[in-house]
Amino acid sequence: MTTHFIPIVRRAVLSGPRIASWRYKSTGGANSNRISTKKTKPRQLGFNDLDEVSTLQSNSPTFHLDQLKQEDSSGYIHRTLPTSKLLETFREMMSLRSLNPLPNAPRDHGFKPALKAVELAALDGQDSVSISEILANLSPENDIVWGVIYQLLKHGLTPEIDALNDEQRAAVLFNRVHGFGRVKAQYFANAGARTVDDLLVDPDRQWGEKARKISPAELLALQHFAEMELMVPRNEIEQLRTLIDSAFKKADPQLSFEIVGSFRRGEALSSDIDVVVWHPSYTCREAATTKSKKKLEPDSLISRVKQALCSAGLLNEHMIFSQGERKIMALTQLPNSTGSVHRQIDIRLCPTTSLPYMLLGNTGDDELMKYLRVRALEKGWVLNEYGMAKRLRGHTIPTMEEGSGIVVSSEKEIFD
DNA sequence: CATCTG
DNA sequence: CAGATG
């Protein structure tokens with residue numbers, strides 16, 4: 001609105017002359033005057049041409065927020081954006097970035113925390129969120145995200161996404177579905193699918209050159225696409241925890257478990273439910289069980305865990321993404337409450353000996369783990385999720401000396 | 001690193 | 001078995 005905005009707008013919009021040419025190219029003729037800069041890998045959809053849009057970078061870590069402040073010092077904090085627009089944009093950006101990673105930018109662009117921040121602010125279901133509310137939960141240093149918010153405020157759109165053609169949009173969408181990575185997402189987009197419903201309508205339809213069908217696990221993920229993007233509120237996980245607890249007590253009181261991940265760190269929202277299970281009978285990893293059978297041994301620990309959860313109505317045969325002898329990935333749902341959302345649950349078995357390490361390692365956060373590993377190395381130890389042992393010299397990669405494993409019985413003991 | 005798909 | 005995925 002103010003004249004101050006204009007230079008920025010210009011930079012944003014005009015910074016990509018190549019975007020324009022690329023758009024013409026994709027809609028119109030197939031002229032190949034693409035400037036092949038850099039040593040970028042050739043990728044199917046030519047996302048690389050978009051890189052320049054992202055050149056609207058900042059010099060300081062709080063560039064866009066400062067910019068906002070400067071342009072509208074009194075009012076900016078009260079400006080709002082539709083919750084759904086914010087969430088959708090962040091999800092798209094996260095997907096776009098994983099499909100098309102920028103050359104030397106960090107993998108994590110901070111859209112996860114941004115999503116968390118917005119969902120947190122809108123927990124009560126409010127349909128718009130103000131800058132101040134976002135700021136309450138999201139670091140001002142997260143400039144990539146603030147840049148996107150800035151664009152939304154100014155133009156109501158995000159240039160990077162606006163510049164996509166239909167096929168690229170579809171790939172970005174599909175990449176948000178559980179089990180759809182770069183390859184699969186691009187394959188189906190390339191095969192002509194544009195929406196999740198396209199992929200759902202006829203489950204037997206064959207897609208693309210390889211005549212690929214939608215697998216059962218893919219179908220499951222597609223059916224629950226929207227639900228699976230929602231974060232899980234802490235109290236729901238707490239409810240689930242007590243249900244799991246009684247299910248295990250009923251099935252086998254020797255079964256113990258812990259819910260790790262962000263939940264264990266005390267966070268209010270988690271992206272999934274990460275359960276670690278152990279049992280006194282399961283100490284070291286069962287050596288080379290003949291895995292010629294694709295189905296589970298009905299007596300194995302994992303199947304007993306599964307049965308316990310199934311009988312409690314927490315798991316369902318038809319809602320399983322994958323199951324092996326150590327791990328199950330599935331959807332769960334609070335029983336009885338009809339409208340309850342399907343949540344992603346990961347269940348892993350852990351040998352009792354590595355339990356404290358596993359719990360520690362899977363609870364994080366990453367910063368703490370890095371710190372602990374460095375300290376272990378300084379002391380001549382190696383620390384990982386399986387244990388801590390004397391460091392074996394003569395290797396560039398820290399190696400554990402056999403038999404020198406430090407047996408600990410609690411996480412507390414790991415802190416020297 | 002464990003699991004699935006082809 | 002390789003390659004994809006989380």
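Below, all heavy atoms of this structure are taken into account, side chains as well, without hydrogens, waters or symmetry copies. Reminder, nothing fancy here: chain letters follow the sequence lines and each chain counts from 1.
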Open item on the list: Of the options dC1(B), dT3(B), dG6(B), whose atoms approach the side-chain atoms of Y386(A) most closely?
Closed with: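 Nucleotide nearest to Y386(A)'s side chain: dC1(B).
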Task: Atom pair CG/CG of L81(A) and L152(A) - distance to nearest 0.5 Å - done: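 One gets 5.5 Å once the value is rounded to the nearest 0.5 Å.
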Task: Straight-line distance of T195(A) OG1 to D166(A) CG, nearest 0.5 Å - done: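 Separation between the atoms: 11.5 Å.
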Task: salt bridge (charged side-chain N to carboxylate O under 4.0 Å, His left out) partners of residues 219-232 of chain A, not counting sequence neighbours, each pair once - done: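 For residues 219-232 of chain A: R91(A)-E229(A), R176(A)-E229(A).
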Send over the distance from [X] [atom1] to [N] [atom2], rounded to a whole Å.
X	N	atom1	atom2	value
M358(A)	dA2(B)	CE	C1'	11 Å
Q323(A)	dA2(B)	CD	C1'	13 Å
K213(A)	dG6(B)	NZ	C1'	14 Å
I347(A)	dT3(B)	CD1	P	12 Å
I214(A)	dC4(B)	CD1	C1'	15 Å
Y187(A)	dG6(B)	OH	P	10 Å

Mind listing the N/O atom pairs, protein and nucleotides 2-6 of chain C, below 3.5 Å?
unit_1: dT5(C); atom_1: OP1; unit_2: G181(A); atom_2: N; d: 2.9
unit_1: dT5(C); atom_1: OP1; unit_2: G181(A); atom_2: O; d: 3.4
unit_1: dT5(C); atom_1: OP1; unit_2: K184(A); atom_2: N; d: 3.0
unit_1: dT5(C); atom_1: OP2; unit_2: R182(A); atom_2: N; d: 3.3
unit_1: dT5(C); atom_1: OP2; unit_2: V183(A); atom_2: N; d: 3.4
unit_1: dT5(C); atom_1: O5'; unit_2: G181(A); atom_2: N; d: 3.4
unit_1: dG6(C); atom_1: OP1; unit_2: G179(A); atom_2: N; d: 2.8
unit_1: dG6(C); atom_1: OP1; unit_2: F180(A); atom_2: N; d: 3.4

Task: Qualifying residue, where the test is side chain to side chain donor-acceptor pair (under 3.5 Å) with N362(A) and the options are R348(A), E258(A), E385(A) - done: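 For N362(A), the side chain to side chain donor-acceptor pair (under 3.5 Å) check succeeds only for R348(A).
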- [ ] Indicate yes or no: does R304(A) engage D252(A) in a salt bridge with an N to O separation below 4.0 Å.
- [x]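 Judged by the 4.0 Å cut-off on N to carboxylate O distance, R304(A) and D252(A) do form a salt bridge.
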TODO: Could you tell me whether K213(A) and E218(A) make a salt bridge, using a distance below 4.0 angstrom between a side-chain N and a carboxylate O?
DONE: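 Salt bridge flag = no for E218(A) with K213(A).
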